[in-house]
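In what follows, chains carry the letters A, B, and so on, assigned in the order in which the sequence lines appear, proteins first and then strands, with residues in each chain numbered from 1.
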Amino acid sequence: AQSDRESTSSGTTGSGSSGTAAAEGGSDTFTFGAAGAPEVFDPYYASDGETFRITRQIFQGLLGIKPGTADAQPELAESWEPSDDGLTWTFKLRQGVKFTDGEAFNAAAVCYNFERMFEQNEVAQAGPAEYWAYTMLGFKGGETESLYKSCEAKDDATAVITLNRYTSDFPVMLTLESFSMQSPKALKDGDANNVQKEGEGFKYPAYASAPVGTGPYKLEKYDEANKTITLVRNDDFWGEKAKTANIVFKIIPDESTRRQELEAGSINAYDLPNPADWKGLEDAGNQVLVRPAFNILYMGLNPEKNAKLQDVRVRKALYMALNRDQLVATQLPEGAKVATQFMPDTVAGYNTGLEATKYDVEGAKALLKEAGAEGMTLQFAYPSEVSRPYMPDPQKIWDALSADLEAIGVKVEAVTKPWNGGYLDGVDNGLFDAWLLGWTGDYNSANNFIGTFFGADSNDFHTWSTDFGKTLSKELDETNGIVDEGERTTAYEALNQKIMEDYLPGLPISHSPPALVVGKGVEGLTASPLTAEMFDTVTVSKS
Amino acid sequence: MTDNPKGWKPGARRKAKIDALAQAAGQVQDAGTVADTPGVSLIASAWRRLRRDRVFLIGLTITVLFLLVALFAPLLAPHDPTARLLLDKVRPQSNPIPGPEPGFPLGADNVGRDLLSRLIVGSRQTLLVCVFATLFSLIGGLILGTLAGAFGGWIDSVVMRFVDIMLSIPSLLLAFSVAAMAARPSQWTVILAISIAYLPIFARLLRGSMLAQRHSDHVLAARALGVKQAPIIFRHMLPNSLGPVIVQATLVLATAVIDAAALSFLGLGNPDDRQPEWGQMLGAAQKYIYDYPHLAFYPAACIILVAFGFTLMGESLREALDPKSRR
Amino acid sequence: MTAAAEQTHAQPGDVLVDVQGIKVHFPIKKGVIFDKTIGYVYAVDGVDLQIRRGETYGLVGESGCGKSTLGRAILNLEPPTEGKVVFDGTDIASLRGEELRRKRQHMQMVFQDPLSSLDPRQSVESLLLEGMKAHGLVKDTKAANARLRELLKAVGLPAASLQKYPHEFSGGQRQRIGIARALAVDPQLIVADEPVSALDVSVQAQVINLLEDLQDRFGLTYLVVAHDLAVVRHISDRVGVMYLGALVEEAAADDLYAAPMHPYTRALMSAVPVPDPVVEDRRERILLNGDLPSPANPPKGCRFHTRCPWRQPTQCDTDRPALRVVSIDGVPETHRVACHFAEGIASGELQPHKVEAEVVDPHLGESDAHGSLIGPATTVEVTDTP
Amino acid sequence: MTTRAYAADTRSGQALLSVRDLSVVFQRHGEQPFAAVDGVSFEVRPGQTVGLVGESGSGKSVTSLAIMGLLPARGNRVTGVADFDGTDLLKLSSGDMRDRRGKDLGMIFQDPLSSLNPVVPIGVQVTEVLERHKGMSRKAAMPKAREMLDKVGIPDPDRRLKDYPHQLSGGMRQRALIAMALACEPRVLIADEPTTALDVTIQAQILQLLGDLVRDSGTALIMITHDLGVVAGLCDEVNVMYGGRIVERGLRHDLFAAPRHPYTHGLLGSIPRLDGQRGEPLIPIPGSVADNLPWDHACAFAPRCFQPIDVCRSQTPGFVEDGASALRCHNPVGSPHGHTAQPDHAEVNDQ
Amino acid sequence: MLRFIVRRLLQMVGVLFVLSLLLFIWLRMLPGGTVSAILGDRATPESRERLTKALGLDEPLYVQYWRYLKRALTGNFGASTGVVPGRDAFQIFIDRFPATIELSFFAILIAILLGIPLGYLAARRRASLFDNASVIVSLIGVAVPVFFLAFLLKYFFAVKLGWLPVSGRQSNIDATRVTNFFVLDGLMTREWDAAWDAFKHLILPAITLSTIPFAVIFRITRASVLEVLDEDFVRTAESKGLTNRIIRGRHVLRNALLPVITTVGLQVGGLLAGAILTESVFSFPGIGEALASAFSHRDYAVLQVLIMASAATFVIVNLIVDVLYAVVDPRVRTR
Ligand SMILES: Nc1ncnc2c1ncn2[C@@H]1O[C@H](COP(=O)(O)OP(=O)(O)OP(=O)(O)O)[C@@H](O)[C@H]1O
Ligand SMILES: Nc1ncnc2c1ncn2[C@@H]1O[C@H](COP(=O)(O)OP(=O)(O)OP(=O)(O)O)[C@@H](O)[C@H]1O
Ligand SMILES: [Mg+2]
Ligand SMILES: [Mg+2]
């Protein structure tokens with residue numbers, strides 16, 4: 001879940017690549033309608049999907065993502081091996097790979113990259129190096145200890161990375177686009193770490209607009225006056241060459257305009273079509289590529305704000321009141337599922353045994369009565385000005401849920417704020433009794449879901465104000481620390497059950513599949529649950 | 001020096017003069033110029049002119065219809081506008097917007113609420129928004145304009161600089177910021193936002209005519225009479241400056257509805273769609289505009305119609321109140 | 001201003017209004033950010049005059065010479081820049097706020113344009129009551145009603161008028177309403193600023209007679225401002241002639257007509273058309289050259305010297321003449337004139353000449369050279385002196 | 001109603017413009033038709049000045065506009081004849097009329113400031129007439145325009161050519177208007193209250209200018225005014241209008257010496273005269289124009305008349321002409337029915 | 001005249017100064033803020049605090065403002081945080097301004113070219129069918145919401161007919177950039193296709209943006225022609241027997257256009273506001289779109305620069321209009 005600058009997509013890590021074949025008889029340009037402008041072309045400092053969509057074509061990480069799944073696969077590293085304690089990781093690197101500036105990719109380059117990411121100035125630590133701060137938890141010389149300890153280039157083909165602590169997120173987290181491998185020379189020349197504060201924003205060094213990676217494409221130009229980004233094929237790419245010579249990203253913030261552009265044939269694809277448009281788009285001969293849902297929509301509850309919510313019976317009663325089947329059927333795109341726990345079923349640790357809580361108005365009423373919370377008031381918030389993959393239309397979802405709650409006699413007080421205009425602040429600061437939010441996984445790890453939600457000392461769910469909060473946090477830490485994968489998965493399954501049946505800190509609602517639409521004549525695009533689509537396999541036939 | 005046909009002696013016969021005068025005055029009465037009919041105020045005579053004005057009548061009819069619909073909305077609406085009657089028919093992909101069917105002549109929206117009922121009941125909130133937005137901006141403008149126009153001098157300078165600053169910010173942006181400032185967006189934030197955007201226009205307009213009034217003969221006459229400052233301002237200057245302001249108000253009534261739609265479009269409108277409002281319906285419809293343009297069309301048509309009504313009224317009012325166009 | 005000083009000591013009891021050296025200068029503003037005054041319109045520039053109780057004082061002069069401004073300044077509707085206006089013993093020029101407002105009960109104004117001076121949104125009743133209320137003259141409704149009827153009767157309007165609005169009346173009737181409004185508060189002084197010039201000729205007389213009649217009945221004192229010399233002379237006991245912000249001549253009405261002394265008065269009188277072909281065919285006509293100079297930049301010396309057919313070298317250009325009593329036999333002391341050469345002109349010693357106008361237009365005199373259609377318009381034509 | 005065509009006074013040559021039975025009826029949407037001018041006849045010879053007097057709304061301007069073909073295109077009906085040198089102006093097509101205006105017929109309006117285009121220099125406003133009717137180029141017309149300004153007594157005409165109206169004083173503006181009207185030496189000049197907006201001293205200058213003009217160039221001048229004094233000094237013949245009709249006509253000396261229509265009489269009695277005796281009360285004409293009766297079956301002036309007789313309210317008075325004079329009255333001043341202009345008429349009227 | 005200009009410019013500086021202060025306070029009072037916009041839904045209280053501190057947003061407002069003022073006076077308006085992160089806010093203004101100017105120019109051109117002749121004709125044929133019809137058309141232009149109108153235009157002219165592009169400023173073609181006024185650049189470098197392409201991109205947004213100024217100009221022209229037709233000097237011109245052409249051109253139109261000029265100036269404010277919507281729906285990378293995006297990102301630096309620049313533009317355009325007015329109206333000139 002990248003921070004969301006544009007009210008659109010989210011996406012993640014590295015890149016995988018498939019074979020190349022010169023496009024024959026096709027158009028040499030694939031035009032993509034992007035919803036927002038990229039931030040910086042240095043993926044390390046970026047955090048939003050719009051940027052990653054572009055940098056993903058330019059950069060590769062040690063680990064890539066298997067097309068169509070959220071699973072990791074070898075990319076610049078051909079294999080990796082942990083030590084028994086899970087603290088030392090040896091990566092065998094692909095040989096013969098060159099950065100587009102001609103520099104060789106080797107272990108030294110890997111370590112240069114990691115050291116660069118580890119050693120950031122204060123300004124970058126505070127904001128831009130967001131993903132590192134979030135996954136690795138600390139920087140060189142920082143107050144908090146980082147997971148990352150050191151990197152050693154054994155030889156050209158072997159890099160050894162040492163951690164301070166074990167986490168189940170490593171090495172999957174290396175699929176994150178932010179941790180892509182960049183050319184050491186270009187980084188140096190472009191003074192890449194020199195992020196400066198300027199007014200109330202940051203000023204990025206020259207490198208940020210002239211990135212050098214190993215991917216199938218190179219950045220050609222960013223025409224800011226016309227808001228288009230052009231990539232050209234990297235003809236020296238180590239793998240299969242990209243099939244289409246150019247990719248153009250045309251920034252079109254307005255969704256219905258994107259659709260019109262597609263229908264007019266001036267773009268070949270765009271992201272996140274409105275579910276209501278899917279049918280119309282398909283009828284017009286386009287393909288709607290539905291991504292497997294790798295997200296969760298939940299209704300957050302704040303027992304600290306509303307004391308009634310301290311009682312698990314109240315939380316359960318609320319949950320029973322929600323007619324989620326109807327919601328999924330009428331408000332969410334086809335393929336959406338009712339959630340049974342706080343993670344999608346593709347994540348290791350998903351408990352297949354859990355059943356969705358039944359919609360039961362009478363039961364809910366009874367339970368509420370039992371808890372002495374009849375006619376309770378619930379201040380329930382939803383965001384405006386936003387559409388997320390897990391909630392295409394927050395207001396409509398809120399409408400449905402609050403109607404359900406009112407049906408059991410809960411008095412719902414509507415609160416709404418623009419996404420950036422107070423909603424996220426409000427959630428973080430615990431201003432609402434209940435709220436709608438969700439999460440799209442960054443990579444395939446249970447910790448990335450429930451660990452993020454309930455793990456830290458303070459979290460959005462305010463679990464620390466409950467009787468179970470500390471226990472849950474400890475359990476999460478422990479599970480995350482289990483090095484053995486099988487054991488860990490079982491532990492997570494058990495934990496999921498506990499969360500749902502004993503704690504119920506929040507109410508998971510649904511998983512919705514976001515989609516991507518491509519126009520006529522576009523072939524070879526595989527939708528990714530992480531929105532990590534690669535465009536090097538795409539062909540566009542002239543029609 | 002000259003031949004004087006009347007042969008009067010200077011200063012003679014004052015009495016005769018007064019008699020002649022009384023006679024003359026008496027004849028005026030005889031002639032019946034000042035009949036015993038009750039007086040007709042300026043507004044009444046403007047109304048008499050307007051009554052024959054076809055343009056005005058069309059505008060009035062539309063407006064009155066709109067008012068009636070708003071007034072009797074609950075009776076007119078076939079269904080509860082918040083009930084999701086056709087929700088079962090909604091399928092996000094195959095049938096996101098249920099079409100017309102018996103009892104639902106316009107179909108439903110994306111959560112299965114009857115569109116016609118929402119349109120009818122929506123007239124209420126729409127009326128609320130445009131009337132209150134206009135009212136607030138009018139009141140604000142009246143206060144600032146009166147301050148500036150009635151007192152002049154440095155008060156005028158300060159107030160007008162302030163108004164200038166407001167004017168120099170694009171009005172929509174102003175509305176934006178106000179709407180965004182609100183802790184809890186509602187129709188009242190929309191109203192407030194729109195009224196702040198229009199306030200400077202009213203202030204300027206009023207100040208202009210107030211200043212003109214300040215130097216007008218009848219205000220001077222009131223001053224000469226020893227009338228106190230407050231009645232001069234509120235009985236003489238203000239009422240006589242209101243003409244252009246009222247005309248502008250009818251035009252703002254129209255644009256307020258449209259602006260409410262723009263705010264909704266930008267996601268700053270009233271988020272609670274349990275009280276339907278045309279602008280907000282229009283804003284919500286943009287998501288479906290490609291395949292279901294009728295969602296946007298109906299509220300847009302209603303807005304255009306009402307705006308049209310207000311504008312026609314305003315324009316003919318402007319003409320009726322303009323002494324020049326009377327001829 | 002020595003003459004003025006003398007006058008004030010004359011008969012103080014008899015004088016209702018004593019205007020002493022009054023000046024009204026309107027600032028001309030311009031400047032960066034804050035308005036800065038870069039000059040003044042010298043609308044009224046040093047006027048002394050006395051109005052006695054019960055008399056009618058007429059003020060004439062051409063457009064823009066400051067008549068209205070003077071009238072307003074006397075009522076302190078235009079705060080004077082300088083000078084005193086002693087009304088019935090109090091200096092009203094120094095009064096402000098409530099005190100001034102109270103004083104207004106005793107001095108009223110009738111305006112030129114009867115329609116624009118009546119608030120179109122007030123019925124006649126409320127127009128008339130307003131002043132009475134402002135001065136606490138309304139005790140009970142019944143008495144007020146009776147008083148309103150009385151007022152209407154006095155100005156010759158039917159009682160039915162009360163419920164009507166100004167726009168429903170004819171011009172003459174509107175002016176009657178204006179007069180009734182002034183009368184409503186029982187004033188001592190009424191300043192009438194061009195009370196008839198907006199009226200049709202045929203109704204002018206009605207209003208003029210009305211004013212005279214009311215004066216008789218209520219013992220009013222009038223200051224009548226007008227540009228029509230005939231009207232002014234008709235109703236006034238004394239007449240002051242203004243030119244460019246100052247009085248140039250002041251005399252009893254008959255004296256002024258019988259023997260105008262100031263060149264400007266002479267020109268003005270000769271220019272007023274008389275509805276009598278016999279007179280018109282034979283009368284002396286002094287055609288002035290050029291226009292009134294701008295009051296923002298009045299000529300130095302005698303203000304009239306730029307257009308004066310009797311202008312004499314140097315003194316007229318440099319010294320500003322004060323109002324003075326001339327030493328000519330038969331001219332009463334009340335006849336005062338502001339001209340250095342009044343005696344010479346009166347005796348015929350000085351003859352009018354062609355005016356080489358300056359200030360207004362440097363090239364004015366040349367026009368004759370080109371065979372003008374109108375002949376010597378720039379000279380004084382004396383066809384027949386009576 | 002016995003309106004006869006006005007027989008040309010042969011004493012001093014042929015009439016140049018002869019208006020016969022001119023009527024203008026305004027008809028506004030949804031309102032009663034209203035005859036602003038009703039059967040007006042008069043004529044003017046070269047070198048003659050004819051006055052048209054009457055109070056506001058009596059139809060003076062409408063008469064002149066009708067002759068000039070300048071009434072608004074819609075909402076009125078003009079009937080009658082305006083014979084100019086053998087052609088009926090009222091029958092001309094709008095194009096032909098356009099050719100005549102400015103060339104044969106000139107007009108000067110009341111308010112010199114509003115009658116001049118504020119954004120066009122005086123020079124252009126004069127030359128455009130020359131360009132139009134004399135086919136001159138702008139360049140050729142300029143010297144002529146300069147000459148015209150000079151002729152009407154505008155000092156420093158070279159500079160004034162480039163000036164805009166607001167830069168001129170009131171008198172100069174009126175002169176500029178006259179220069180424009182005279183540029184193509186029209187044979188008839190209509191002056192509609194040319195001095196009303198001006199100060200007396202300036203008015204005297206302009207009247208002098210007009211008088212000299214008629215004398216020197218033989219232009220026929222129709223002088224419209226409400227000021228009897230102006231008429232007394234300038235016109236050869238005077239027409240007094242009331243309620244859209246001419247009620248009295250006479251040579252100027254006759255008319256002023258012995259006004260016969262009660263309206264003319266009242267007018268003369270109600271204006272103070274500079275040379276009259278002071279303190280002598282004015283005899284007002286009671287009422288106001290609003291009291292007018294319709295002419296159809298009464299004398300419009302009857303309600304304001306000081307000596308009305310019964311027939312005045314029941315029958316339209318005819319227009320009786322007698323040589324140079326004419327009258328429309330049932331009971332003229334000095335006639336057996338009424339009373340001579342006695343000062344005590346007010347008392348008599350009490351009965 | 002020079003005094004007048006200098007005076008107005010100085011006034012503008014004052015206005016901008018006050019505006020900057022009000023804006024500064026106002027923006028920071030808005031709920032949400034840069035920090036949440038940057039961090040998004042991953043924000044933790046710690047990261048929030050860290051970033052707030054790093055950006056200096058924790059200090060008292062007056063300190064922040066003082067710092068801002070000092071920086072701004074040296075021409076440094078801070079870096080963008082949302083629109084183009086890291087880019088100098090003023091540079092964003094420079095990047096985007098030509099687009100908006102180009103768009104507004106064409107919009108106002110359309111409005112003028114249609115509004116004035118139609119207004120004139122409507123006035124001349126007052127109360128005719130033509131008059132009523134054009135009044136209604138002008139109204140529809142105002143009352144139809146921008147996004148709906150834009151949608152319809154795009155749908156027919158771009159999607160269905162394919163005559164014009166849907167959105168953007170230029171197709172992705174190799175075009176040399178000189179001034180960033182794309183049409184102008186194309187003409188200057190003789191890249192005719194580039195100019196033509198940029199021009200085609202302008203048509204639909206310009207039409208959309210022109211509806212309101214068109215309606216206003218149309219109505220003002222109509223009203224003012226009606227007024228001028230009644231003026232005495234038109235009658236004078238008629239009395240001179242002038243041709244219709246000269247009467248209409250020199251006497252009627254020249255006077256009737258005076259209020260129109262002022263109106264056009266005031267429309268600039270409206271254009272900037274309209275540009276927010278129009279540019280957004282046409283993905284036209286101008287000031288308006290940047291404003292909308294800056295607003296939703298709480299990009300203070302960019303908002304500040306853009307709003308102040310809009311205000312300055314408004315003031316300057318109106319100054320130009322006033323000067324122009326003085327040129328056209330001699331009465332004002334000599335005052
Ligand atoms: N409020 C004002 N501000 C500035 N100048 C003024 C003001 N009032 C009057 N003036 C100027 O003062 C001068 C005298 O004006 P005033 O109205 O007293 O003249 P007047 O003699 O009454 O003229 P008129 O016969 O036209 O009424 C004029 O030049 C006028 O322009
Ligand atoms: N275009 C018009 N439409 C309708 N009525 C008109 C029109 N023009 C003039 N009138 C009416 O015709 C009558 C005569 O008007 P006209 O202008 O001729 O009067 P006037 O004698 O010139 O008066 P004034 O001295 O005020 O100029 C008036 O009652 C006037 O209201
Ligand atoms: Mg005056
Ligand atoms: Mg007239």
Atom group of [X] that falls short of 4.5 Å from chain B, counting heavy atoms:
{"X": "A/D277", "value": "both"}
{"X": "A/A336", "value": "neither"}
{"X": "A/E334", "value": "both"}

Table please: side-chain donor-acceptor pairs of residues 278-289 of chain A below 3.5 Å, with sequence neighbours left out.
unit_1: A/W278; atom_1: NE1; unit_2: A/P273; atom_2: O; d: 3.1
unit_1: A/N286; atom_1: ND2; unit_2: A/L281; atom_2: O; d: 3.0
unit_1: A/Q287; atom_1: NE2; unit_2: A/V522; atom_2: O; d: 3.1

With a 6.0 Å cut-off on the ring centroids, do B/H79 and B/F104 count as close?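 Distance test on ring centres: under 6.0 Å, yes.
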Return the orientation label for the B/W278 and B/F66 ring planes: parallel under 30°, perpendicular over 60°, tilted otherwise.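 Rings of B/W278 and B/F66: tilted, as their planes differ by 30° to 60°.
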Not counting sequence neighbours, which residues clear side-chain hydrogen bond (donor to acceptor under 3.5 Å, both in side chains) with A/D360? List them please. none
